[in-house]
Amino acid sequence: KITWDEESCTGLINSDILYSGRVLNEEETYEISVSDALNNVIHFTIIIDRTAPSFTAYYVNDGKNVPLNNNGFTSKDVIIVWNENDCTAYLDSEEYISGTNIIKEGKHTFYIVDQYGNSSQKFYFVIDKTNPAITASTSTLDLEDNQTINESFRFVYKEDNKFRAELYKNDELINPSYESGTKISEDGKYTLIVKDSALNTSSMSITINTKGEVISIYTTDSSGITKL
């Protein structure tokens, strides 16, 4: 609210007439001047800003900037930028400079505050650069990738951010949502592909052959027996 006591004063606001007692509500920059009968003039500026600052988060993939949404996952470094001046930004409670690469794996929290105290909503994202871990085993034996066996086995994976676990038999998808530890018994070549929410991918293949002999070839050297 703009007021003055001298009746002889006149006011201008953004080059329009300003009357004492006017209340300013709209978001805008107001240039105000008030002068008295002796031409004493005072000038001042009032800025009303209730808008939270905006920002853009993205990562680079194949040379292109890819927007990152709130609660998003990525295996790439993340960059956050904004255009408004005199803002202070916070990443995981520490000040962040616009355009700085964020490389640390884990869940991150970001928000930005402008010079008028307007704050953005908190923005959450996860950087995950680690491929899912897959193992396979029978009831008595830990298996290696591409190993052939003559008994049932289980794939086991540990991935907190699992997006998809696809099981293939002889290169044909048979289960788009394989549950870790599910027993596999029938003959065939099985391949498990696990993809997490950041699109990191791992795979492992095991073949069951109960109809033919499983042949293992060994070579012996001076250090002992090495399996081929």
same_hphob_cluster(V81, V60) at 4.5 Å side-chain heavy-atom cutoff: yes

Distance-only polar pair, side chains of E95 and T88, donor-acceptor under 3.5 Å: no

Nearest-0.5 Å distance, OH of residue Y59 to CG of residue L68: 7.0 Å

Charged tip of K107 within 45° of Y124 ring normal and under 6.0 Å: yes

L24 vs I2, side-chain contact (heavy atoms from CB on, under 4.5 Å): CA-CA, chis, key distance, verdict: CA-CA 8 Å; L24 306 181; I2 309 297; 4.2 Å; yes

Distance-only donor-acceptor check, side chains S137 and D142, under 3.5 Å: no

Taking every non-hydrogen atom, the tightest pair across T182 and E179: OG1-O, 2.7 Å

Residue pair W82 / I97: nearest heavy atoms and the distance that separates them: CH2-C, 4.1 Å

Side-chain H-bond candidate by donor/acceptor type, S20 with T3, under 3.5 Å: no

Shortest non-hydrogen contact between R22 and I13, atoms and distance: NH1-CG2, 3.4 Å

Heavy atoms of other groups near D171 CG, more than 12 under 6.0 Å: no

Verdict with reasoning, F55 to F123, per ring-ring contact (aromatic ring centres under 6.0 Å, His included): CA-CA 10 Å; F55 59 89; F123 178 80; 5.5 Å; yes

Q115 versus D49, side-chain donor and acceptor atoms under 3.5 Å: no

E105 atom CD, over 12 foreign heavy atoms within 6.0 Å: yes

Between Q147 and T207: side-chain donor-acceptor atoms closer than 3.5 Å: no

Salt bridge flag under 4.0 Å for residues D196 and K129: no

Derivation of the side-chain contact (heavy atoms from CB on, under 4.5 Å) call for I102 and L91: CA-CA 9 Å; I102 304 168; L91 176 70; 3.8 Å; yes

Verify same cluster id: I174, F155 (apolar side-chain graph, 4.5 Å): yes

Under the side chain to side chain donor-acceptor pair (under 3.5 Å) test, residues paired with K169 that sit two or more places apart: E186

Neighbour count above 12 (heavy atom, 6.0 Å) for N14 CG: yes

Minimum heavy-atom distance between T210 and N150, given as atom pair plus value: CG2-O, 3.4 Å

Aromatic ring pairing Y157/Y178, orientation class (parallel under 30°, perpendicular over 60°, tilted between): tilted

Verdict with supporting geometry, E84 and S54, side chain to side chain donor-acceptor pair (under 3.5 Å): CA-CA 8 Å; E84 187 172 339; S54 61; over 6 Å; no

All side chain to side chain donor-acceptor pair (under 3.5 Å) counterparts of Y168, not counting sequence neighbours: E166

